[in-house]
Amino acid sequence: MSVLVFLENWDGKFKKLSFELISYAAKVAEMLDDKAVVLSIGKVDSSELEKLAAFGASKIISIENDLLKTLDDQAYAGIIAEVAGRSNAKVLILANNNTGKALAPRLSVRLRAGIASGVSKLPLSTDPFTVYKKVYSGKAFAHVTIKTGIKILTLAQNSFDLVESPQSFVLEKMDLQPEAGLMKTNVKDVQKQTGKILISDADIVVSGGRGMKSPENWGPLVELAQLLGAATACSRPVSDEGWRSHDEHTGQTGKIIAPNLYIAIGISGATQHLAGISSSKFIVAINTDKDAPVFEAAQYGIIGDAAKILPKLVEAVKEMKSK
Amino acid sequence: MKILVCISHVPDTTTKVKFINESKTLDVNGIQWVINPWDELALTRALELKDDAANGIQTVTVAHVGAATSDPTIRKALAIGADDAIRVNVETTDAYSIASHLADAIRNENFDLILCGIESSDHNGSTVGGMLAEFLGYPSVTGVSSVTFENGVPLIIREIDGGKEILTVNPPLVAVVQKGIAREPRIAAMRGIMMARTKPIKVVEAQGIDCLTEVVGYELPKPRAACKYVNADDAGQLIALLQNEAKVF
Ligand SMILES: Cc1cc2nc3c(=O)[nH]c(=O)nc-3n(C[C@H](O)[C@H](O)[C@H](O)COP(=O)(O)OP(=O)(O)OC[C@H]3O[C@@H](n4cnc5c(N)ncnc54)[C@H](O)[C@@H]3O)c2cc1C
């Protein structure tokens, strides 16, 4: 039996999310007295694959088939289901990102495996198998019991701490072909942003709302973010107005994130905005209105004008960094 | 070409959720029910596609799994502009059973494009669209921010980490849609509301319920510690607190 964790890669590299997934899988395996097996699909160097062992993977299966360069939901689900069968997987773990959201439900049907998505903690119990997950966009949590023999969990990014537990491991290169005729997704073009920290990956996110008043005022916010190595984000009206690009929009209908630190500047804290950021470990609010709901979600707050406060923060960070 | 939009019926996004029955059941008292925001945008996009005659879309149908208490939500979708509706008459919160009932109800209806929202704002599952595709044996694309047609073939933008892919998939297919799919949800006009009264809702009886998961209880988030305020004149103090107390850098 095993706990199988599926990993994608980004141009041949893994990232923190990959290590979070393995750390999580290794802990779930420990609870079940099982082993964690990693399945990596796509072209990844052995040296990159070996990095995975540090987080508790006892076996790493790598499939590099060229046909699998494109994410085709059906083809991938077929391969993962096959590997799950071969490794007698009792629990399957994927990321709760667009890739995991594409594959986990198909696997659930293929394997007749109940699914709990967006888990952020270890299972509450293994018999019955009950997990803890966010519902109502963070306004509540549910205890969900999965009743099938095989269970599928998708893990929320930035929600599980890395646990280093180096293991001796086996690296197996497996040659599996997608089922004939199954590749139906034809990618014509890929457009990638480079050099920008992704909001979903960032440890720190600095975000501006309508209280920033106009797009020209973003300079000090961006400078603060750069100094902190942070990503920039915004509320929905800001992206709707075209003040900032759409991929910065956080909230219920934008990106749902869980950074260590979220700094909300001139954001009122509407429920739909908080739905996207309430899992942040620390929230800072800067707002002129002392009654703005964002202060109820924040651990640190400054009541005042963003235009005056931002330059002070920039100075303070520069000073901190110069020490 | 026929489009299906799957709609979920959820509490309005501003609802303060409460639970009853030893925290096992949502207290529905006073809740305003709406079309799940993503599904509403999916429906909007489907109608936009139909508006352009060049796309050759004959009908936009909505489908829902739920009891008759969801009919007002379905009528709202019809008022916004859907041509007809299918409701599978069963109450369940398990995504697998929802998707399997949906699949059974529409398998012989030959939809070319099925749109589902990326998540419902109640259980945040992100699973029904993918499951439905698997039950039907259709391809699926998840994280779709744009659908247009090029010579009868859907041209799709898929959002990936740090970028996008432009791709085509031959119908029939399931597209699981997210931000970008439509700008603002379309609103029902008076004429639409009048017309919706006579549009057909086909009710399909479900055969048994096959749930793979069960919610055994809910809890509310632990209250956060009260906010600690820094005086605006000493804003720089915040950085020291974040460094020394919160230890975020
Ligand atoms: C179905 C649905 C989904 C939605 N999804 C999202 C979503 O995903 N994300 C999202 O963000 N919103 C979403 N919204 C919109 C949401 O309800 C709010 O309208 C929005 O979040 C408000 O954005 P804001 O805080 O920037 O603006 P406002 O609410 O206008 O707040 C501006 C704030 O700035 C403060 N301010 C003003 N001047 C200054 C100053 N000089 N310095 C400091 N502060 C100042 C004000 O006191 C105020 O609190 C959604 C709404 C619906 C109905």
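We name chains A, B, ... by the order of the sequence lines, and we start the count at 1 in each one.
- Chosen from B/S126, B/A226, B/G163, the residue pairing most often with chain A at heavy-atom distances under 4.5 Å is B/S126.
- Between the A/K281 side chain and the B/V248 main chain, no donor and acceptor come within less than 3.5 Å of each other.
- Contacts of A/A104 with chain B are absent, with no heavy-atom separation under 4.5 Å from either backbone or side chain.
- Heavy atoms of A/L310 lying under 4.5 Å from chain B are absent altogether.
- No other option in A/K133, A/K151, A/E8 has as many heavy-atom pairs under 4.5 Å with chain B as A/K133.
- For the pair B/E159 and A/D247, the minimum side-chain heavy-atom distance is 4.5 Å or more.
- Of all the listed residues (B/S120, B/P37, B/G217), the one sharing the greatest number of non-hydrogen pairs under 4.5 Å with chain A is B/G217.
- Comparing A/R110, A/Q193, A/E319 by how many heavy-atom pairs each has under 4.5 Å with chain B, the most go to A/R110.
- Residues A/S108 and B/M131 approach most closely at OG-CE, 3.3 Å, considering heavy atoms.
- Looking only at heavy-atom pairs under 4.5 Å with chain B, the residue among A/A116, A/A140, A/G304 that has the most is A/A140.
- For a residue to count as touching a neighbouring chain, one of its non-hydrogen atoms must lie under 4.5 Å from one of that chain's; by this rule A/A270 does not touch chain B.
- The contact between A/T130 and chain B is made entirely by side chain atoms (from C-beta outward), counting heavy-atom distances below 4.5 Å.
- Salt bridge status for B/K164 with A/D189: absent, with no side-chain N to carboxylate O gap under 4.0 Å.
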Problem set entry | Criterion side chain to side chain contact (heavy atoms under 4.5 Å, CB included) on B/D161 and A/K15, from CA distance to verdict | CA-CA 12 Å; B/D161 270 359; A/K15 62 181 181 185; 2.8 Å; yes

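- Classification of A/K192 and B/E165 as a salt-bridged pair fails, no side-chain N sitting under 4.0 Å from a carboxylate O.
- Looking at A/I146, both its backbone and its side chain come within 4.5 Å of chain B, counting heavy atoms on both sides.
- A donor-acceptor distance shorter than 3.5 angstrom exists from the side chain of A/Q74 to the backbone of B/G137, with no hydrogens or angles considered.
- Residue-environment remark: CD (A/Q272) exceeds the threshold of 12 foreign heavy atoms within 6.0 Å.
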For this session: Apply side chain to side chain contact (heavy atoms under 4.5 Å, CB included) to B/Y229 and A/I302, showing your working.
Result: CA-CA 6 Å; B/Y229 289 94; A/I302 305 181; over 6 Å; no

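- Heavy atoms from other residues, nucleotides or ligands lying under 6.0 Å from NZ of A/K196 number more than 12.
- If you measure heavy-atom distances from A/S239 to chain B, the contacts under 4.5 Å come from the side chain alone.
- For A/V314, no part sits under 4.5 Å from any heavy atom of chain B, backbone or side chain.
- Across A/K255, A/Q191, A/Q252, A/K312, the residue that shares the most heavy-atom pairs under 4.5 angstrom with chain B is A/Q191.
- The nearest pair of heavy atoms linking B/N124 to A/K134 is OD1-O, 3.7 Å.
- The two residues A/G138 and B/P221 have their closest heavy-atom pair at O-CG, 3.7 Å.
- Residue contact with chain B, scored on non-hydrogen atoms closer than 4.5 Å, is absent for A/F129.
- Under the side chain to side chain contact (heavy atoms under 4.5 Å, CB included) rule, A/T185 has a single partner from B/L167, B/I156, B/T168, B/L173, which is B/L167.
- The greatest number of non-hydrogen atom pairs below 4.5 Å with chain A, out of B/G143, B/G162, B/G236, is found for B/G162.
- Other residues, nucleotides and ligands contribute over 12 non-hydrogen atoms within 6.0 Å of the NZ atom of A/K16.
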For this session: Show the numbers, then the answer: is there a side chain to side chain contact (heavy atoms under 4.5 Å, CB included) between A/Y136 and B/D122?
Result: CA-CA 4 Å; A/Y136 296 101; B/D122 51 5; 3.4 Å; yes

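- The shortest heavy-atom contact between B/E119 and A/S137 is OE2-OG, 4.4 Å.
- Looking only at distances, no side-chain donor or acceptor of A/R106 sits under 3.5 Å from a matching main-chain atom of B/F135.
- Counted within 6.0 Å of NZ on A/K308, heavy atoms from surrounding residues, nucleotides or ligands total 12 or fewer; the atom is thus considered open.
- Shortest non-hydrogen contact noted between A/A142 and B/V215 is CB-CG1, 4.1 Å.
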Problem set entry | side chain to side chain contact (heavy atoms under 4.5 Å, CB included) between B/E134 and A/D73, intermediate numbers included | CA-CA 9 Å; B/E134 186 67 32; A/D73 296 5; over 6 Å; no

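- Of the atoms belonging to A/A113, it is backbone heavy atoms, and not side-chain ones, that fall under 4.5 Å from chain B.
- Ranked by heavy-atom pairs shorter than 4.5 Å toward chain B, the options A/L228, A/V144, A/V109, A/T271 are led by A/V109.
- At distances below 3.5 Å, at least one donor-acceptor pair connects side-chain atoms of A/K139 with backbone N or O atoms of B/T13.
- A side-chain N or O of B/E245 and one of A/Y300 form a donor-acceptor pair less than 3.5 Å apart.
- Both the backbone and the side chain of A/L71 have a heavy atom closer than 4.5 Å to some heavy atom of chain B.
- Residues B/P139 and A/M183 form no side-chain contact, since every pair of their non-hydrogen atoms from C-beta on lies 4.5 Å or further apart.
- In this structure, chain B has no heavy atom under 4.5 Å from any part of A/K323.
- Side chains of B/T142 and A/N98: a donor-acceptor N/O pair is absent below 3.5 angstrom, by distance only.
- Contacts between A/D203 and chain B at a heavy-atom distance below 4.5 Å are absent for every atom of the residue.
- In terms of heavy-atom proximity, B/I239 sits nearest to A/A316 at CG1-CB, 3.6 Å.
- For the pair B/K228 and A/Q299, the minimum side-chain heavy-atom distance is 4.5 Å or more.
- For chain B, no part of A/L107 is nearby; none of its heavy atoms comes within less than 4.5 Å.
- Taking a 6.0 Å sphere around CG of B/N244, one finds it holds more than 12 heavy atoms contributed by other residues, nucleotides or ligands.
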